Amino acid sequence: MKVKIILSFVFAILMLTSCKIRAQMPKVLTEPARFKLAADYSREHRGISVLVMKGDKIVFEDYENSATADTPWLLFSGTKSFSGAMLCAAIQDRLISGFDEKVSDTITEWKSDRQKSQITIRQLLSLTSGVNAGQIGVVPSYKDAINSPTRFVPGRNFEYGPVPYQAFGELMTRKLKAKNETVMAYMKRRILDPLSIRVSDWRVQNGQPLLPQGASLTAREWVKFGLFMKNGGKWNGKQLIPKKLLDELIIGSKANPAYGITFWLNHPGKNPIGKEIGGASEIGGGGFADGLSDLFLAAGANNQRLYIIRSLDMVIVRQGRMDNWSDREFLGRLLAGKLGSNRS
């Protein structure tokens with residue numbers, strides 16, 4: 001009898017302890033709840049859209065602050081990443097021999113300049129060419145861009161600005177001249193049309209598309225480009241651009257490991273993204289999210305984001321107006337249901 005009383009007492013203590021532990025354990029949120037938590041954060045910070053794609057299906061959409069699924073939005077510097085894909089297409093098409101082809105092979109005026117003659121296309125679009133990158137938001141013409149002076153030895157410094165992309169536009173203009181094709185026509189033929197991306201608007205200057213910041217897309221259209229990049233160049237089962245070429249775009253440089261070729265990377269790096277793209281954003285030196293070394297993104301001012309996470313088979317679009325913003329808070333909520341992930 002005494003043994004039964006003792007066992008009953010022990011059992012009761014174990015049950016109470018178990019209940020207490022369960023009560024203290026954090027609640028695990030479902031995916032829809034996490035996505036809504038992130039969308040709430042976006043809405044509170046003047047967001048207009050949050051879209052999540054897993055695999056090849058859209059699993060969450062939220063349109064905020066009077067926006068709808070049909071609302072196009074300026075990507076600002078999120079536009080830049082299309083130039084990276086265009087570079088890969090040009091290498092595949094043998095218009096360009098490779099990432100390390102000298103720019104001066106095409107822009108021959110650079111041959112007589114000691115530093116410009118050594119600049120590669122990789123350096124140009126990884127923003128490490130040493131050419132004065134110009135003022136963010138002030139976009140020169142293609143021809144004016146190639147006259148920008150050098151400030152640093154090629155490969156040693158990272159400097160963010162519109163000039164390198166416009167210089168790349170001039171390089172592509174000359175490459176395509178023999179084919180009687182414009183830069184925009186090539187972009188449409190090789191990238192936009194195969195992916196069925198409907199561009200609402202693409203700003204032009206002197207008849208040429210602005211490569212650093214000119215495209216306006218809805219969230220549903222922008223996510224198509226993210227899906228293409230997540231799948232390593234495959235679209236509807238067809239390999240449109242070799243994965244090994246696209247993978248070069250997500251390798252950081254020595255000058256800035258947080259930036260590849262037209263894409264930001266989840267690496268501490270050396271440059272706060274908010275400062276570089278002209279947005280009110282937190283990043284500092286901590287990266288975008290913990291434990292996701294394969295996360296990369298196209299990013300634009302006012303916190304336009306196209307996050308691509310191959311290990312999670314996920315693409316996330318966020319668009320919005322200028323406001324304070326933490327990528328860590330947004331992704332912490334969306335991926336793990338964590339509040340207060342901002343470490344700025």
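Being a predicted model, the structure only gives us computed values, none of them experimental. Residues take their numbers from the sequence shown, with the count starting at 1.
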Exercise for review: Enter the distance from S104:OG to I119:CD1 here, rounded to the nearest 0.5 Å.
Suggested key: 8.5 Å
Point to revise | Main-chain N/O of N132 paired to S148 side chain as donor or acceptor, under 3.5 Å | key: yes
Practice item. Could you give me the CA-CA distance, side-chain angles and deciding distance for D247 and K244, then say whether salt bridge (charged side-chain N to carboxylate O under 4.0 Å, His left out) is met? Key: CA-CA 5 Å; D247 284 350; K244 66 179 182 179; over 6 Å; no
Check your understanding: Between D313 and K54, does a salt bridge (charged side-chain N to carboxylate O under 4.0 Å, His left out) hold up when you go through it step by step?
Key -> CA-CA 6 Å; D313 201 15; K54 289 195 72 176; over 6 Å; no
Practice item. For the pair N266 (side chain) and L292 (backbone), establish whether a donor and an acceptor sit closer than 3.5 Å, ignoring hydrogens and angles. Key: yes
Check your understanding: Do the non-hydrogen side-chain atoms of T79 and S81 ever get within less than 4.5 Å of each other?
Key -> no
Review point. About how many Å separate CG of D290 and CG of L295, when rounded to the nearest 0.5 Å?
Key: 11.0 Å
Practice item. Answer yes if L306 and I197 sit in the same cluster of Ile, Leu, Val, Met, Phe, Trp and Tyr residues linked by side chain heavy atoms under 4.5 Å apart, and no otherwise. Key: yes
Review point. Quick check: does any side chain N or O of D113 sit under 3.5 Å from a backbone N or O of Q115, one acting as donor and the other as acceptor?
Key: yes
**Study point:** Whether over 12 other heavy atoms sit under 6.0 Å from D100 CG
**Key:** yes
**Study point:** Check: Y63 side chain, D70 main-chain N or O, donor-acceptor pair, under 3.5 Å
**Key:** no
Review point. Given the rule in the side chain to side chain donor-acceptor pair (under 3.5 Å) test, do D323 and W325 qualify, once you have shown the distances and angles that lead to the verdict?
Key: CA-CA 6 Å; D323 201 62; W325 179 257; over 6 Å; no
Check your understanding: Does a side-chain heavy-atom distance below 4.5 Å link I96 with M172?
Key -> yes
Revision key, fill the gap. Closest non-hydrogen contact found for E159 with V131 is OE1-O, 3.5 Å
Point to revise | Audit row: E181, R189, salt bridge (charged side-chain N to carboxylate O under 4.0 Å, His left out) steps and yes/no | key: CA-CA 10 Å; E181 190 171 26; R189 179 171 66 83; 2.9 Å; yes
Practice item. Give the C-alpha distance, both sets of side-chain angles, the deciding distance and a yes or no for side-chain contact (heavy atoms from CB on, under 4.5 Å) between F35 and V59. Key: CA-CA 9 Å; F35 298 161; V59 295; 3.8 Å; yes
**Study point:** L37 backbone acceptor or donor facing R333 side chain under 3.5 Å
**Key:** yes
Check your understanding: Are there more than 12 heavy atoms of other residues, nucleotides or ligands under 6.0 Å from atom NZ of K175?
Key -> yes
Review point. Got a second to check how far E329's CD is from E44's CD, nearest 0.5 Å?
Key: 9.5 Å
Review point. Just wondering, do W110 and S117 contact through their side chains at under 4.5 Å, heavy atoms?
Key: no
Practice item. Would you check if F152 and T128 make a side-chain contact, meaning some heavy-atom pair closer than 4.5 Å? Key: no
Review point. So how far is it from D56 CG to K224 NZ, rounded to the nearest 0.5 Å?
Key: 13.0 Å
Review point. Are L74 and V223 in one and the same hydrophobic cluster, where Ile, Leu, Val, Met, Phe, Trp and Tyr link if side-chain heavy atoms are under 4.5 Å apart?
Key: no
**Study point:** Contact summary for I241 and A85, nearest pair of heavy atoms
**Key:** CD1-O, 3.8 Å
Review point. Within 45 degrees of the axis of the six-membered ring of W264 and under 6.0 Å from its centre: does R305 put its NZ or CZ there?
Key: no
**Study point:** From CA spacing to verdict: side-chain contact (heavy atoms from CB on, under 4.5 Å), R122, L87
**Key:** CA-CA 9 Å; R122 182 193 302 274; L87 168 59; over 6 Å; no
Practice item. Check the pair R220, T218 against side-chain contact (heavy atoms from CB on, under 4.5 Å), reporting the backbone distance first and the verdict last. Key: CA-CA 5 Å; R220 289 180 180 178; T218 66; 4.0 Å; yes
Practice item. Flag yes if more than 12 heavy atoms outside K179 fall under 6.0 Å of its NZ atom; otherwise flag no. Key: no
Practice item. Kindly give the heavy-atom pair with the smallest separation between Q304 and G320, and that separation in Å. Key: NE2-O, 2.7 Å
**Study point:** Interatomic distance, M86 atom CE to D93 atom CG [nearest 0.5 angstrom]
**Key:** 11.5 Å
Check your understanding: Hey, is K111 close enough to D105 for a salt bridge, meaning N to O under 4.0 Å?
Key -> yes
Revision key, fill the gap. Rounded to the nearest 0.5 Å, the CZ atom of F76 sits from the CG atom of N303 at a distance of 10.5 Å
Exercise for review: Begin from the C-alpha positions of L195 and L227 and carry the test side-chain contact (heavy atoms from CB on, under 4.5 Å) through to its verdict.
Suggested key: CA-CA 10 Å; L195 304 184; L227 177 62; over 6 Å; no
Review point. Would you say the side chains of Q166 and S141 form a donor-acceptor pair under 3.5 Å?
Key: no
Review point. Counting N and O atoms only, with roles assigned by atom type, does the side chain of E31 sit under 3.5 Å from a partner on the main chain of L334, one being a donor and the other an acceptor?
Key: no
**Study point:** Nearest atoms (heavy-atom pairs only) where L246 meets M229
**Key:** CD2-SD, 4.0 Å
Review point. R203 and Q213: side-chain donor and acceptor closer than 3.5 Å?
Key: no
Practice item. For the residue pair K80 and Y160, establish whether any side-chain heavy-atom pair is separated by less than 4.5 Å. Key: yes
Review point. Can you tell me if Q239 uses its side chain to pair, donor with acceptor, with the backbone of G232 under 3.5 Å?
Key: yes
Review point. Should L125 and L210 be counted in the same cluster of Ile, Leu, Val, Met, Phe, Trp and Tyr side chains packed under 4.5 Å apart?
Key: no
Review point. Nearest heavy-atom pair of L265 and F288: which atoms, and what distance?
Key: O-CE1, 3.2 Å
**Study point:** ILVMFWY cluster, I251 and I261 together (side-chain gap under 4.5 Å)
**Key:** no
Exercise for review: Ignoring hydrogens and angles, state whether a donor on the side chain of E101 or T120 is under 3.5 Å from an acceptor on the partner side chain.
Suggested key: no
Point to revise | Side chain proximity check, T106 to V103, heavy atoms < 4.5 angstrom | key: no
Practice item. Find out whether L192 and M184 are in side-chain contact, i.e. whether some heavy atom of one side chain is under 4.5 Å from a heavy atom of the other. Key: yes
Practice item. In sequence, state the C-alpha distance, the side-chain angles, and the governing distance for K230 and D294, and then conclude on salt bridge (charged side-chain N to carboxylate O under 4.0 Å, His left out). Key: CA-CA 10 Å; K230 176 180 70 69; D294 68 334; over 6 Å; no
Check your understanding: Do K102 and I107 come within less than 4.5 Å of each other through their side chains, counting heavy atoms only?
Key -> no
**Study point:** Check: F82 ring centre within less than 6.0 Å of W222 ring centre
**Key:** no
Study note, to complete from the structure: Heavy-atom closest pair (I48 atom, A67 atom, distance to 0.1 Å) is O-CB, 3.4 Å
Check your understanding: Taking atom types as modelled and ignoring hydrogens, do the side chains of D327 and Y307 form a donor-acceptor contact shorter than 3.5 angstrom?
Key -> yes
Check your understanding: Are Y165 and V139 co-members of a hydrophobic cluster defined by side-chain heavy atoms under 4.5 Å apart?
Key -> no
Revision key, fill the gap. Only one of R174, K143, K116 passes salt bridge (charged side-chain N to carboxylate O under 4.0 Å, His left out) with E109, and that residue is R174
